Amino acid sequence: KSGRYPEGGLHHEILTIFHGRGEGEVVSGEELSGLLHISRTAVWKHIKALKEMGYAITAEPSRGYRLAGAPDLLIPEEVGRDLSVTRVGTRIVSFRETDSTNDVAFRLAEDGAEEGTVVLADAQTRGKGRLGREWASPPAVNLYCSLVLRPPLPPHAAPQLTFLSAVAVARAIEENSHLLPRIKWPNDLLVNDRKVAGLLNEMSAETDHVNFVILGIGVNLNMAEDQFPTGLRHPATSLLIESGSRVSRTVFARSLLKSLDSLYDTYLKAGDAPIREEWLARSRMAGEQVRVVQQDVELTGRVTGIDGFGALLVRDERGEEHRVLSGDVKI
Ligand code: BTN
């Protein structure tokens, strides 16, 4: 059973009725059948299906059904519940399993998906990392998320959105743990110097304007040490490994989408300066001495900032400023 979870539909309606009733309230089968215009048997079948998804629904003899608990699933009914956003997350598309949420989002965007559409998956069969690498994507433990944006930008300004997503992930980690996330240029998030999240942005553009950007975000939430592939280039970790406690994927996804939404709103109104500032503070790289290793050149100097085109600014000993666009940065 792979593939897409339905958007809307009867499951959605049944859950909406339960949630509208308040915690622990009993709803009778008769009432459900009336509200949904389906037979009592059909109600029972849908309740059974919801239970199979992990919803704790108890049957109270001669009274009805009671919703006693929800599964930690990245589905619209759970992630989208009480989510007050203006753009990011207004539509959520979820999969039990897919190749790559970035590829799905890209295809949806090509077909005209609205700005703010979010694609989530429980597992990915071909999770993509940067530079053609693989992103380990086992089921049930992590967050795999891709977002469609249609910013009014020329293509060379699109890297600004990587900074935006890095800041949003850092905020979400801070809200959901007592860990101190740190952004590593260009697009890694570290906790205790080990990589906990990665960003992969892709875009479709003409010479002078962006059609759409896909912000791909992978966060290792509850992954165990033995679930990481061997031979990783950089040490990787998860929030569970670093903090010792599990993070609810639904709660984390909700807080990430809220941060993305409010940062994108700021970005559209005030440009990238406020985001660059927060990025720099969260990177804890400002003023730091770094060593940048590019193919055959090496540069040491102090980080003075990032620019509007994705470059890291490094001032060397002679006071000369360099724009670093690629390479490995060591602190
Ligand atoms: C990296 O650090 O190399 C980037 C990793 C990005 C992984 C995320 S998971 C969700 C989205 N779908 C993908 O296939 N990749 C990104």
Side-chain angles (χ1 to χ4, degrees), residues 2-4 73-75 79 88-89 92-110 113 117-149 158-159 161-170 172-173 181-191 193-204 212-223 227-229 231-239 247 249-250 252-253 256-257 259-260 279 283 310 312 326-329:
S2 75
R4 194 157 160 173
L73 286 179
L74 298 171
I75 53 177
V79 178
V88 178
I92 297 172
V93 181
S94 290
F95 291 79
R96 289 185 182 81
E97 185 182 279
T98 188
D99 46 2
S100 152
T101 54
N102 263 34
D103 292 349
V104 175
F106 205 98
R107 293 192 289 261
L108 288 176
E110 281 179 325
T117 300
V118 168
V119 179
L120 300 170
D122 195 52
Q124 298 184 117
T125 50
R126 284 196 302 110
K128 303 190 292 185
R130 283 178 64 232
L131 310 170
R133 298 193 191 114
E134 198 181 306
W135 185 257
S137 309
V141 283
N142 294 332
L143 183 71
Y144 316 115
C145 168
S146 300
L147 162 63
V148 178
L149 292 181
L161 296 167
T162 307
F163 298 142
L164 186 153
S165 49
V167 169
V169 175
I173 292 175
R182 190 163 174 272
I183 304 171
K184 181 168 181 274
W185 183 89
N187 47 9
D188 291 354
L189 277 110
L190 310 181
V191 168
D193 284 333
R194 294 164 83 194
K195 179 160 169 170
V196 76
L199 312 168
L200 179 67
N201 295 352
E202 299 181 82
M203 80 172 157
S204 152
F212 59 81
V213 176
I214 306 300
L215 300 189
I217 301 174
V219 189
N220 299 332
L221 297 176
N222 299 317
M223 204 165 168
Q227 287 181 295
F228 287 94
L232 285 181
R233 284 165 47 100
H234 301 290
T237 192
S238 70
L239 295 187
V247 181
R249 293 189 302 161
T250 344
F252 189 92
L256 176 64
L257 297 183
S259 287
L260 285 165
W279 186 96
S283 76
L312 184 72
S326 66
D328 212 14
V329 179

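Order of appearance sets the numbers: ligands from 1, and atoms from 1 within every ligand. Because the structure is predicted, anything quoted here is derived from the model rather than measured. Position 1 is the first residue of the sequence, and the numbers go up from there.
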Which residue and atom name correspond to the protein heavy atom nearest [atom], and how close is it?
atom: atom 8 (C) of ligand 1; value: Gly218 N, 3.6 Å
atom: atom 4 (C) of ligand 1; value: Leu199 O, 3.5 Å
atom: atom 2 (O) of ligand 1; value: Lys195 NZ, 2.5 Å
atom: atom 5 (C) of ligand 1; value: Trp135 CE3, 3.4 Å

Original post:
Within the structure, does Ser100 bring an N/O atom to less than 3.5 angstrom of an N/O atom in ligand 1?
Top reply: yes
Original post:
N/O of Arg130 under 3.5 Å from N/O of ligand 1, yes or no?
Top reply: yes
**OP:** Classify the contact between Asp103 and ligand 1 as side chain, backbone, both or neither, using a heavy-atom distance cut-off of under 4.0 Å.
**Re:** neither
**OP:** May I ask you to decide whether Asp193 forms a salt bridge with Arg182, counting only side-chain N to carboxylate O separations under 4.0 Å?
**Re:** yes
Atoms of ligand 1, numbered as shown, that sit under 4.0 Å from any heavy atom of [X]:
X: Lys128; result: 5 (C), 6 (C), 7 (C), 13 (C), 14 (O), 15 (N), 16 (C)
X: Gly127; result: 14 (O)
X: Thr101; result: 10 (C), 11 (C), 12 (N)
X: Cys145; result: 10 (C)

Original post:
So do Val148 and Ile214 actually touch side chain to side chain, heavy atoms under 4.5 Å?
Top reply: yes
**OP:** State, with a plain yes or no, whether a side-chain heavy atom of Leu143 is found less than 4.5 Å away from one of Leu120.
**Re:** yes
Original post:
Atom CG in Leu215, atom CG in Leu149: separation rounded to 0.5 Å?
Top reply: 5.0 Å
Original post:
Of all heavy-atom pairs between Pro138 and Tyr144, which one has the smallest distance, and what is that distance?
Top reply: O-OH, 2.7 Å
Original post:
Does Gln124 have a heavy atom less than 4.0 Å from any atom of ligand 1?
Top reply: yes
**OP:** Ignoring hydrogens and angles, tell me if any N or O in the side chain of Arg4 forms a donor-acceptor pair with the backbone of Phe95 under 3.5 Å.
**Re:** no
Original post:
Where the side chain of Asn102 meets the backbone of Leu200, is there a donor-acceptor pair that is under 3.5 Å apart?
Top reply: yes
Subject >> Residue of the set Val104, Thr98, Asp103 for which side chain to side chain contact (heavy atoms under 4.5 Å, CB included) holds with Ser100 >> reply: Asp103
